[in-house]
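We use all heavy atoms of the structure for the numbers below, so side chains are in, but hydrogens, waters and symmetry mates are not.
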Amino acid sequence: MDYREIRHQLHRIAEPSNEEIQTSAFIRQHLERFQPTRIITFPKGHHLLAEYDFGGGKTVLVRGDMDAVRVNETVELPYKSEHEGVSHKCGHDGHSTILLRLAEMLHEKPLQEGRVLLLFQGAEETGEGARQILDSGILEAYSIDRAYALHNIPGEELGTIICKPGSFTCSVVSCDIVLTGKTAHAAEPWNAVSPFVAAQRITDIVLSLNQRDVQREDFCVSTLIEFRVGSQAYGVAAGDGVLRFTIRTREDAHLQQIIFEIETKAKAEAATEKLQCEIRWLEYFAASNNAEEAVKAIKECADNLYLTYQEKPIPFFWGEDFGLFTQHYPGALFGLGSGTAQPPLHHPDFDFPDGIVEVGAGMFYGLVEKA
C-alpha cells in the first residue's frame, strides 16, 4: 500500500477541528481493508475507533489526531491543501497515516493475544476532541492498560525518538475577560463607565504571573493576545472591553490555582470600577504526564529498532489534548523527530516528512506487542 499517496491525499483534503467529515470517511475506507474487529463512531465529533481483538491479554489504546489548522499554505506542493486557509501544518496527516500503517501491520502480523484500540481523533487543535471522546463513555467499555500517542517534532533529527517521564507537554488554557460598563457621548466621557482602568490593572495582574524559569515548579507563561477597549466610533466614549490571554504551566494543579486567582482578582477589579465581568475559559489542554513504565517501554522499543533516543529535560511549552487521556490511563506521549531543516509547527511552509511514517508505525507496533 502506498502510504506516501495516502498521506498526500489526507493533506489535500485538510479539514479544521470538528469538520473532519471527508478525512474521517477517507480513513474509514482504508481501515476497512485491514479488517478490524469493529469500527466505532462517536455521538459527537468525527472520531473513529478501530478495535483489533486478539483474545485475552491487555488492552492498549493508540491515538493519532487528524484535524488541520487554520493556516494558509504558502509552499507550492503537488498535493497542496484544497481548502483555502486550512492546511496540515501540524503534521496530523502524517499521524493518521502512521495509524493506518499500524492497522495494516496488525492485520498482516496479528498479535498472539490482547486488544488494540486505534483512535483516530479529531478536534485536537482546539482541545475539544479528547473531552468529546471521554464524555461519550465509549472507552469505559474497555479496561485500558496503556495509552500511547506521538507527535512529530521539527528541529530534531529525522526519526529520533524524544520522551521523558512526568510532564511532557504543558497545561494550557485560553481566557476571554469581557468587561461591560456604560457608553456616553465622546464630548462627555465623564458620564461613561469606562473599562479602561480595570482592563489595565487586570492585564498587569495576569502578566505578573509570568515565571519563565522552566525548572521551577511555579513556571508560567502568560501571554496577552488582545487588549481592546471601545470601538471605532469617534462620537462614543468607550463602555466595554475585551482581554484575551493564554496561560501555560508545567502541571495541571498549578494551572487550576492560577485560574482561581485570575477569576478572583479580575472580578474584584471590575467591581471596583462598577463594571460587569464575564470570564470564559477556552481551549483547555491538560499536561501530558508520562508514566515511568510507559517511558521505559518507549526507550526499549527505540533501542530494538536501532533508533536514536533522547530524554528531554523540560516539557514542551505547547499543549496537546492527549494529556486528558493520561489523566485516565497510564501511558505516554513521545516525540518523533521530523528533521532539523523542517520549519516549526503551524508554519505556512511546514510539511510532514513521509520518511518517518514507517518509523512511527514500527514504534507503535513494538509497544503494543510488548504490552
Once you round to the nearest 0.5 Å, how far does OG1 of Thr160 lie from CG of Leu307?
8.0 Å
Test item: Lys89 side-chain N/O and Pro348 main-chain N/O as donor-acceptor pair under 3.5 Å:
yes
Say whether Met105 and Val359 are linked into one hydrophobic cluster, either directly or through other cluster members, by side-chain heavy-atom distances under 4.5 angstrom.
yes
Per the ring-ring contact (aromatic ring centres under 6.0 Å, His included) rule, what does the pair list look like for residues 99-152, sequence neighbours excluded?
His92-His151, His95-His151, His151-Trp318
Regarding Glu73 and Ser81, do their side chains bring together a donor and an acceptor under 3.5 Å, going by distance alone?
no
For Glu84 and Asn72, indicate whether the former's side chain and the latter's backbone hold a donor-acceptor pair under 3.5 Å.
no
Does any donor atom in the side chain of Gln121 or Asp321 lie under 3.5 Å from an acceptor atom in the other side chain?
yes
Ring centroids only, cut at 6.0 angstrom: are Phe26 and His30 within range, meaning strictly under it?
yes
Is Ser87 reaching over with its side chain to a backbone N or O of Val71, donor-acceptor style, under 3.5 angstrom?
yes
Okay, side chain of Lys299, backbone of Ala302: is any donor-acceptor separation there less than 3.5 Å?
no
Identify which one of Phe168, Tyr309, Phe364 satisfies the ring pair (Phe, Tyr, Trp, His ring centres under 6.0 Å) criterion when paired with Phe334.
Phe364
Distance from Met66 atom CE to Leu48 atom CG, nearest 0.5 Å?
5.5 Å
Ser167 backbone acceptor or donor facing Asn289 side chain under 3.5 Å
yes
Assess the side chains of Asp349 and Thr74: does a donor N or O sit below 3.5 Å from an acceptor N or O?
yes
Applying ring pair (Phe, Tyr, Trp, His ring centres under 6.0 Å) to Phe219 and Phe317, what does each step give before you reach the verdict?
CA-CA 10 Å; Phe219 165 79; Phe317 292 174; 5.1 Å; yes
Answer yes or no: is there a donor N or O on one side and an acceptor on the other, between the side chain of Thr326 and the main chain of Ser288, under 3.5 Å?
no
Set of residues satisfying side-chain contact (heavy atoms from CB on, under 4.5 Å) with respect to Thr180, sequence neighbours excluded:
Val178, Gln276
Side chain Asp53, main chain Arg115, donor-acceptor under 3.5 Å
no
Are any side-chain N or O atoms of Arg7 and backbone N or O atoms of Gln9, one a donor and one an acceptor, separated by less than 3.5 Å?
no
Euclidean distance, Leu134 CG relative to Gln327 CD, rounded to 0.5 Å:
9.0 Å
Could you give me the CA-CA distance, side-chain angles and deciding distance for Thr97 and Asp354, then say whether side chain to side chain contact (heavy atoms under 4.5 Å, CB included) is met?
CA-CA 9 Å; Thr97 305; Asp354 296 306; over 6 Å; no
Would you confirm whether the ring centroid of Tyr329 sits within less than 6.0 angstrom of the ring centroid of Phe322?
no
Counting only N and O atoms by type, is there a donor-acceptor contact under 3.5 Å from the side chain of Lys182 to the main-chain atoms of Val193?
no
Neighbour count above 12 (heavy atom, 6.0 Å) for Arg228 CZ:
yes
Would Ile98 and Phe352 count as a side chain to side chain contact (heavy atoms under 4.5 Å, CB included) if you check the C-alpha gap in whole Å, the side-chain angles of each, and the deciding distance to 0.1 Å?
CA-CA 11 Å; Ile98 286 170; Phe352 185 92; 4.1 Å; yes
Evaluate the criterion side-chain hydrogen bond (donor to acceptor under 3.5 Å, both in side chains) for residue pair Asn152 and Gln342; output intermediate values, then yes/no.
CA-CA 11 Å; Asn152 79 92; Gln342 182 72 258; over 6 Å; no
Determine yes or no for a side-chain-to-main-chain donor-acceptor pair under 3.5 angstrom, with Thr249 supplying the side chain and His254 the backbone.
no
Can you classify the ring geometry of His11 versus His88 as parallel (below 30°), tilted (30 to 60°) or perpendicular (above 60°)?
tilted
